[in-house]
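Accompanying notes for the structure given below.
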Amino acid sequence: MFIQFKREVEATLKKAIEDAGFTVDDLELGISPFADLASTVCYRIASAYKIAPGKAATEIVERINLAREKFIAAVKASGPYINFYASNHFLTTTLRSILEGNLGFDTKEGLVILEHTSANPDGPLHIGHIRNTVIGDTLARILRRAGWQVEVEYYVNDMGRQAAMVVFGLNHFELDRSKKLDHAIADVYIKANRLIEEEPQLKSEVDELIKLNEAGDEAVVSRFREAVSLSLEGTRRSLARLGVDHDLFVWESDFVRSGEVLRVISEIKACESISVFEKEGALMIDLKGAGFDKEFVISRSDGTSIYATRDLAYHRWKAERGDRVVDIFGADHKLISSQLSFILGSLGVKKPEIVIFEFVSLPEGSMSTREGKFISADELIDEVEKRALAEVEKRRDDLSAEKRAEIARAVARGAIRYDIVKVAAEKPTIFDWGSALDFEKQSAPYIQYAHARCCSILRRADLTEGTIDLTSIDLLKADQEVKLIKMLSKFSYLIEDAASSLKPNLLATYAKDLVESFNMFYRDCSVLNAEPKLRSARLALVEATRIILSETLETLGIDALEEM
RNA sequence: GGGCCCAUGGCUCAGUCUGGAUAGAGCACCGGCCUUCUAAGCCGGGGGUCGGGGGUUCAAAUCCCCCUGGGUCCGCCA
């Protein structure tokens with residue numbers, strides 16, 4: 001409902017500025033600690049019209065008539081600032097809408113194709129990969145919540161050198177089938193790399209595998225499929241443990257087999273704005289004119305395709321089907337993805353919106369699957385679940401073992417996701433067990449706990465059928481009640497913001513702020529022991545809070561537990 | 001050598017895009033609150049030249065330039 005309040009303020013302020021005889025192109029409205037919305041536009045007017053900013057503010061405010069405005073209760077000039085305050089009607093409308101299931105989103109037309117994780121099938125997901133996973137999955141949920149139709153895709157890299165190394169490894173070493181298969185594949189992959197290091201002449205075996213795979217040699221192709229599937233099966237199970245599900249797994253090799261890669265190459269050759277040349281048998285694009293200081297290889301001298309070209313084919317396919325294409329890539333893909341965007345643009349194909357996240361490293365340095373230096377996602381989940389179970393057992397010996405394990409799983413999944421999503425994507429991070437295992441304030445359990453408290457109050461209130469009573473919600477005037485309702489009103493505003501800026505960490509911050517507001521209300525305002533009318537008003541507020549908390553948690557991919 | 005990202009209390013971060021009214025949290029530390037709706041909670045305290053330097057502006061953590069430190073990438077890897 002905050003969006004509607006802001007629109008009303010914008011219209012009111014715009015008119016008043018015009019009536020006062022000023023012209024500005026930005027209303028400079030923002031959330032302020034001193035008002036519900038504040039404008040700093042008077043500084044601009046002051047310098048443009050050579051008057052004191054405070055005088056401009058007074059003149060503008062004098063021209064505002066609030067008689068017909070529904071959501072603005074007051075507007076005040078405070079020095080150079082113009083402060084707007086929300087009305088009681090705004091508060092009751094907010095509560096009413098939430099309880100009626102209207103969260104105030106604009107409808108959107110269109111399909112977003114979002115790709116995330118897409119890790120090489122050479123081992124299990126590690127804590128670096130799941131930063132991609134959590135950012136991508138949370139964004140998918142945010143976009144869906146904002147009203148977009150979203151298809152989530154995983155690009156399976158089954159044509160590359162890594163996949164070939166795995167196949168080579170399986171030709172030389174036994175796969176330990178007693179292990180989770182992606183972990184067993186990593187063992188083989190690590191051994192394969194070591195073997196090539198010791199006996200470099202064996203590298204030709206790998207090159208041969210790549211060539212035969214590309215040529216479509218049946219036996220080799222099925223070896224690749226089989227090897228990649230083993231790894232991918234493990235990956236999918238890890239993703240499921242994090243509450244992540246892809247709609248579609250798109251195999252890289254399909255674009256080679258279908259001729260799409262060749263088609264892209266011939267389109268590039270035909271494109272007037274791209275200059276293609278041959279060098280030692282390899283096909284290259286000159287990107288110097290486009291601000292890149294290097295050439296860009298689109299096919300190898302032995303005729304095989306490379307990742308970049310296959311990715312072009314994949315992106316063209318996505319662009320044909322989606323209205324928006326969103327990619328989540330690690331920082332190492334920054335250059336290649338901007339080159340990709342440039343070429344797609346030249347071909348007249350819709351460019352992807354790319355979210356780049358910086359790397360996760362270990363205290364002792366960067367991770368490497370090849371060298372076996374990584375903490376796997378499974379290992380992380382196991383540890384956090386163990387710790388969560390210990391916490392549940394400490395405080396809830398009244399619950400059954402199954403129930404406790406269920407809560408521990410939900411707490412662990414949430415703690416991991418929140419710990420990752422709360423940090424802005426562009427920050428490089430160093431993995432820290434202390435922070436991963438922390439279940440206090442800046443963590444998912446803190447938010448889940450507030451939801452469980454709401455549920456507990458509602459359970460004890462012993463409401464009969466549809467008895468959330470809205471008739472007395474205008475009694476909610478205490479400081480903490482008002483603040484909480486205002487926080488609730490901002491949910492859709494935050495989602496829209498996160499959906500357009502593609503910043504999932506905004507929602508994590510909102511969740512924490514919302515819970516803080518609820519905890520203050522919980523501290524100051526007794527619900528169940530209040531006078532009957534106030535009690536039912538507060539119950540309505542608790543129910544509205546529960547709804548928004550549950551929506552927020554769902555959008556973050558965290559289970560909204562009813563008790564913990 | 002060049003491109004891009006990051007630098008905010010002892011540690012981990014929010015705020016930077018869109019400059020404004022006292023720079024916010026968490027962890028750790030110190031001190032309080034369970035006969036009151038779940039203490040995974042709440043309250044109070046100490047602790048910050050927002051990496052350094054210059055510039056733009058009435059106003060800079062936020063914009064521009066230079067530097068330092070860390071990360072990452074730079075034609076046949078993905």
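Convention: sequence-line order gives letters A, B, ...; per-chain numbering from 1.
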Practice task
Under a 3.5 Å limit for both distances, which nucleotide forms a Watson-Crick or G-U wobble pair with B:U49, could you say?
Solution key: none
Practice task
Indicate, with yes or no, if the rings of A:F22 and A:Y49 have centres closer together than 6.0 Å.
Solution key: yes
Problem - Base-contact (B) and sugar-phosphate-only (S) positions in nucleotides 68-78 of chain B, heavy-atom cut-off under 4.0 Å, - elsewhere - result: ----SSSBBSB
Practice task
Both distances under 3.5 Å, Watson-Crick or G-U wobble: report the partner of B:G1, or none.
Solution key: B:C74
Problem - A:E252 and A:Y307 side chains, donor-acceptor separation under 3.5 Å - result: no
Problem - Side chains of A:S456 and A:E563, donor plus acceptor under 3.5 Å - result: no
Exercise for the section: Could you tell me whether the side chain of A:Q442 has a donor or acceptor atom within less than 3.5 Å of a complementary atom in the base of B:A25? Expected result: yes
Problem - Aromatic ring of A:Y81 stacked on base six-ring of B:A21, 5.5 Å, 30° - result: yes
Fill in the blank from the handout: Ranking B:G26, B:A7, B:C5 by distance to the side chain of A:E426, first place goes to B:C5
Fill in the blank from the handout: If pairing means Watson-Crick or G-U wobble with both distances under 3.5 Å, then the partner of B:C27 is B:G10
Problem - Modelled atom types, side-chain donor and acceptor of A:S253 and A:D158, under 3.5 Å - result: yes
Practice task
Kindly point out which of B:C37, B:G41, B:C58 is positioned nearest to the side chain of A:R453?
Solution key: B:G41
Practice task
For A:D524, answer base if it contacts any base atom (sugar-phosphate contacts may also be present), sugar-phosphate if it contacts only those atoms, and nothing otherwise; contact means non-hydrogen atoms under 4.0 Å.
Solution key: nothing
